[in-house]
There are 2 protein chains.
Amino acid sequence: MSESHARSSQSSRVRELIKGSGLRCTPARQAVLGFLSRTGRPLAHSEIAKARGPAKLDRVTLYRTLAVLEDSGLVHRVQDSDGSWRFCAHVPVKKGCPGNHAHFQCTRCGEMQCLASQALPWIPVPDGALVIGKQFLICGLCPSCAATRAARKK
Amino acid sequence: MSESHARSSQSSRVRELIKGSGLRCTPARQAVLGFLSRTGRPLAHSEIAKARGPAKLDRVTLYRTLAVLEDSGLVHRVQDSDGSWRFCAHVPVKKGCPGNHAHFQCTRCGEMQCLASQALPWIPVPDGALVIGKQFLICGLCPSCAATRAARKK
DNA sequence: GGTTAGATGCAACACAGTTGCATCTAGCCG
DNA sequence: CGGCTAGATGCAACTGTGTTGCATCTAACC
Ligand SMILES: [Mn+2]
Ligand SMILES: [Mn+2]
Ligand SMILES: [Zn+2]
Ligand SMILES: [Zn+2]
């Protein structure tokens, strides 16, 4: 399968996902969802904005696009260690999953990744309280940054 | 023990804590740490600012005061569900604890509380990664808000 | 093609948090 | 005590994220 074929079949999959959620299939939505799927890890608004060089879309449009994709469950939203949001394309195969896993963020390079292999643990809450959502963020050094630091120390 | 006696012995404990951490014992630090200890749950910067009616201190001073108290381990910092920070007086009896527990926040009234009875669970991270810190936030309805909603539905 | 609900772009705003600098003061020492 | 000084405070200006209102444009439907 050629590169360009792969690329185009992937973008048609993106179009299907968008239409399948009952959304209008606009260039902004295709570009954003496509980029998030290709990248695979949670990206900040600013990273997504930078990434699409020429065909820039408006800041506000990007915020609204991400909100819409999230409402449809095509994307999940994760809190960054400094309080801003990151967005990650959701693999819709796993039912009921959008975000029911921990995330790891490197304090040095800032990269974040989903720790999707394990569901979030149960923690007891006060009697009578009703749990709606949970988020677990683990901060530290990613393998590559940890290796760099270890090498410098030697 | 009289009310005023309790109040004054409590504020002398606050002074001890501050001095014991090698910090200069200023009115701002006493007021902020005192208020956080009395309240006992994680408070937003804005809540702390509002609380001290007349003797208001500058926004920036409050930020810096909280940062200093956190550095000394007298206070721990928790991320709110909307990304801003909350601060909670740390009980220094429990060694190594400042924040190694989950927090619960009510999505309706906004109140947050420490779920300090249980330590944070261990979650596997990528090979070679180095964990520095973790935060677990559980969102939902607090007992009183849940009860209110249940009553209205009936 | 024409119609229109809904998507986009732009300007203005709200709010958390930070930085630089001038002024003040807690703690120390004579 | 009464100065001295490192460090604390106050003020102004700034950054970055995210939101709202409104005019304009367009994807999807016929
Ligand atoms: Mn994730
Ligand atoms: Mn806590
Ligand atoms: Zn890294
Ligand atoms: Zn509540």
Side-chain angles (χ1 to χ4, degrees), chain A residues 11-12 14-34 42-52 54-72 74-75 77-87 105 110 112 137, chain B residues 11-12 14-34 42-52 54-72 74-75 77-87 105 110 112 137:
Chain A
S11 64
S12 75
V14 165
R15 273 195 298 275
E16 276 168 39
L17 283 173
I18 295 173
K19 293 207 167 184
S21 302
L23 299 179
R24 272 160 63 161
C25 192
T26 70
R29 289 169 185 177
Q30 293 176 59
V32 171
L33 184 57
L43 298 178
H45 177 279
S46 61
E47 294 175 290
I48 306 169
K50 258 179 235 147
R52 16 189 2 244
K56 271 197 172 81
L57 53 143
D58 186 69
R59 272 170 21 86
V60 179
T61 302
L62 177 49
Y63 277 115
R64 295 200 261 232
T65 300
L66 291 167
V68 163
L69 292 176
E70 188 199 8
D71 285 347
S72 309
L74 296 172
V75 149
R77 178 192 295 248
V78 183
Q79 231 177 31
D80 201 344
S81 63
D82 72 339
S84 52
W85 294 106
R86 299 208 169 202
F87 300 86
Q105 184 177 17
M112 185 185 275
L137 180 60
Chain B
S11 63
S12 75
V14 164
R15 273 195 299 274
E16 277 168 40
L17 284 173
I18 294 172
K19 293 208 168 182
S21 301
L23 299 179
R24 280 178 33 177
C25 192
T26 70
R29 289 169 186 179
Q30 292 176 59
V32 171
L33 183 56
L43 298 178
H45 178 277
S46 61
E47 295 175 289
I48 306 170
K50 259 179 235 149
R52 17 189 359 245
K56 273 196 170 72
L57 53 143
D58 185 70
R59 272 171 22 88
V60 179
T61 303
L62 178 49
Y63 277 114
R64 295 200 262 231
T65 300
L66 291 167
V68 163
L69 293 176
E70 188 199 9
D71 285 346
S72 309
L74 296 172
V75 148
R77 178 191 294 249
V78 183
Q79 229 177 34
D80 200 344
S81 63
D82 72 340
S84 53
W85 294 106
R86 299 208 168 202
F87 300 85
Q105 184 177 16
M112 185 184 275
L137 180 61

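When reading the values below, keep in mind they use all heavy atoms of this one structure, side chains included, and skip hydrogens, waters and symmetry mates. Order of the sequence lines sets the chain letters (A, B, ...), proteins ahead of strands, with each chain counted from 1.
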What are the two closest heavy atoms between B:I18 and B:C25, and how far apart are they? CG2-CA, 3.9 Å
Does B:R77 have any salt bridge (charged side-chain N to carboxylate O under 4.0 Å, His left out) partners at least two apart in sequence or in another chain, and if so, which? B:E70
For B:R64, report the nucleic acid contact type (base, sugar-phosphate, nothing); a contact means any heavy atom under 4.0 Å. base
If each of B:R29 and B:R59 is mapped to the nucleotide of DNA chain D with the nearest heavy atom, which maps nearer the 5' terminus, i.e. the 5' end? B:R29
Sorted by chain and residue number, the salt bridge (charged side-chain N to carboxylate O under 4.0 Å, His left out) partners of A:E16 (sequence neighbours excluded) come out as none
If each end axis of the helix from C:dG1-D:dC30 to C:dG30-D:dC1 is fitted on five C1' pair positions, the angle between them, to 10 degrees, is 30°
Detail all sub-3.5 Å separations between protein N/O atoms and N/O atoms belonging to nucleotides 26-30 of chain D.
residue	atom	partner	partner atom	Å
D:dT26	O2	A:R24	NH2	3.2
D:dA28	OP1	A:C25	N	2.7

Pick base, sugar-phosphate or nothing for B:S84, based on heavy-atom distances below 4.0 Å to the nucleic acid. sugar-phosphate
Do you know the tightest heavy-atom contact between A:L74 and A:L17? CD1-O, 4.0 Å
Within the 4.0 Å heavy-atom criterion, would you say B:A28 contacts the bases, only the backbone, or no part of the nucleic acid? sugar-phosphate
Which atom pairs, donor and acceptor, lie under 3.5 Å between side-chain atoms of residues 59-69 of chain A and protein residues at least two apart or in another chain?
residue	atom	partner	partner atom	Å
A:T65	OG1	A:T61	O	2.7

B:Q79 meets the side-chain hydrogen bond (donor to acceptor under 3.5 Å, both in side chains) criterion, sequence neighbours left out, with B:Q135
Results of side-chain hydrogen bond (donor to acceptor under 3.5 Å, both in side chains) for A:D82 - residues two or more places apart only: A:S84
Spacing of B:L137 atom CG and B:D80 atom CG [to the nearest 0.5 Å]: 7.5 Å
Identify, with sequence neighbours excluded, every residue that meets side-chain contact (heavy atoms from CB on, under 4.5 Å) alongside B:S46. B:A44
Assuming nearest nucleotide by heavy-atom distance, tell me which of A:T61 and B:S46 is located more 5' along DNA chain C. A:T61
How would you list, by chain and number, every residue that makes a side-chain hydrogen bond (donor to acceptor under 3.5 Å, both in side chains) with A:T26, sequence neighbours excluded? none
Can you give me the first and the last nucleotide of DNA chain C (5' to 3') that has an atom within less than 4.0 angstrom of a non-hydrogen atom in chain B? C:dA16 to C:dG27
Length of the line joining B:Q79:CD and D:dT17:P, which is rounded to integer Å: 14 Å
NE2-NZ distance between B:H45 and B:K50, expressed to the nearest 0.5 angstrom: 11.5 Å
Distance in angstrom units between A:Y63 OH and D:dG16 P, rounded: 12 Å
